[in-house]
Amino acid sequence: NAGVMQNPRHLVRRRGQEARLRCSPMKGHSHVYWYRQLPEEGLKFMVYLQKENIIDESGMPKERFSAEFPKEGPSILRIQQVVRGDSAAYFCASSPPNRSGNTIYFGEGSWLTVV
Amino acid sequence: AQSVTQLGSHVSVSEGALVLLRCNYSSSVPPYLFWYVQYPNQGLQLLLKYTSAATLVKGINGFEAEFKKSETSFHLTKPSAHMSDAAEYFCAVSDQLGNQFYFGTGTSLTVIP
């Protein structure tokens, strides 16, 4: 049973370009979470999605960031017009449908570097 | 609302010594509590979780944590540190619906030979 798969693992973008990070949840998991980890900081919640629905995006910056989890295919975190401050590790996690007391399982992360 | 506080962003112990990483939580409802470990350039791996069963929870790699409601704590311990335990450790709390997981800022554990 494959774990949470994220790609790319490393991404370099110039300022002003777009970054797309993909996340395929574990088999049987229908809930996806995105977190951002800045150097020397903890994990910051960004968004929680179910298939075709954004449940909680309270941690998403108001501009340039968007996330989706379509009926088919991976969840995508999209960052438009990247700036140096977007450089961070972005982690995706997933959990099964019955979430009460459940664990979320993390991917290996995508490291974004903006130059 | 839930939150966790990890006291001590850096902890150093000698190989073979007791490991104690502190976590205090804030929750208005019975919480679910977790400890995760992160090795360099990797994702987070679950060490153990508390979900209102036994207050002493045993996890992988010899770690355990005790839920103390009176102290609102969920400290992580290991009797004897190993070099391979050097990593970043995160405490987390979730609400009962699992809508959000709140993570502490992490504790970096260094094991001295």
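Just so we're clear, the structure is a prediction, and the values are computed from it rather than from any experiment. Only this structure's heavy atoms are used, side chains among them; waters, hydrogens and symmetry mates stay out.
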query: Do A:Phe65 and A:Glu57 pass the side chain to side chain contact (heavy atoms under 4.5 Å, CB included) test, and can you show the C-alpha distance, the side-chain angles, and the key distance before you say yes or no?
result: CA-CA 10 Å; A:Phe65 285 72; A:Glu57 56 181 348; over 6 Å; no
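- Other residues, nucleotides and ligands contribute only 12 or fewer heavy atoms inside 6.0 Å of the NZ atom of B:Lys58.
- Using non-hydrogen atoms only and a strict 4.5 Å limit, the part of residues 104-113 of chain B facing chain A consists of B:Gly104, B:Thr105.
- Look at A:Asp86 and A:Arg64 and you find a salt bridge, because one of the NZ, NE, NH1 or NH2 atoms lies within 4.0 Å of a carboxylate O, short of that distance.
- Contact annotation for A:Gln37: only side-chain heavy atoms (C-beta onward) come within less than 4.5 Å of a heavy atom of chain B.
- Contacts between B:Leu44 and chain A at a heavy-atom distance below 4.5 Å involve backbone atoms as well as side-chain atoms.
- Contact of B:Gln38 with chain A is made through the side chain alone, with heavy-atom distances under 4.5 Å.
- For B:Tyr36, the part lying under 4.5 angstrom from a heavy atom of chain A is the side chain only.
- For the atom pair CD1 (A:Ile76) and CG (A:Leu21), the distance works out to 9.5 Å, reported to the nearest 0.5 Å.
- In terms of heavy-atom pairs under 4.5 angstrom with chain B, the leader among A:Phe91, A:Phe106, A:Tyr105 is A:Phe106.
- Heavy-atom neighbours of A:Arg15 CZ from other residues, nucleotides or ligands within 6.0 Å: at or below the threshold of 12.
- Separation of atoms CZ (B:Phe34) and CZ (B:Phe103) is listed at 8.5 Å; rounding is to 0.5 Å.
- The number of heavy-atom neighbours closer than 6.0 Å to CD of A:Gln81, taken from other residues, nucleotides and ligands shown, is 12 or below.
- Atom CH2 of A:Trp34 is separated from atom CE of A:Met60 by 10.0 Å, given to the nearest 0.5 angstrom.
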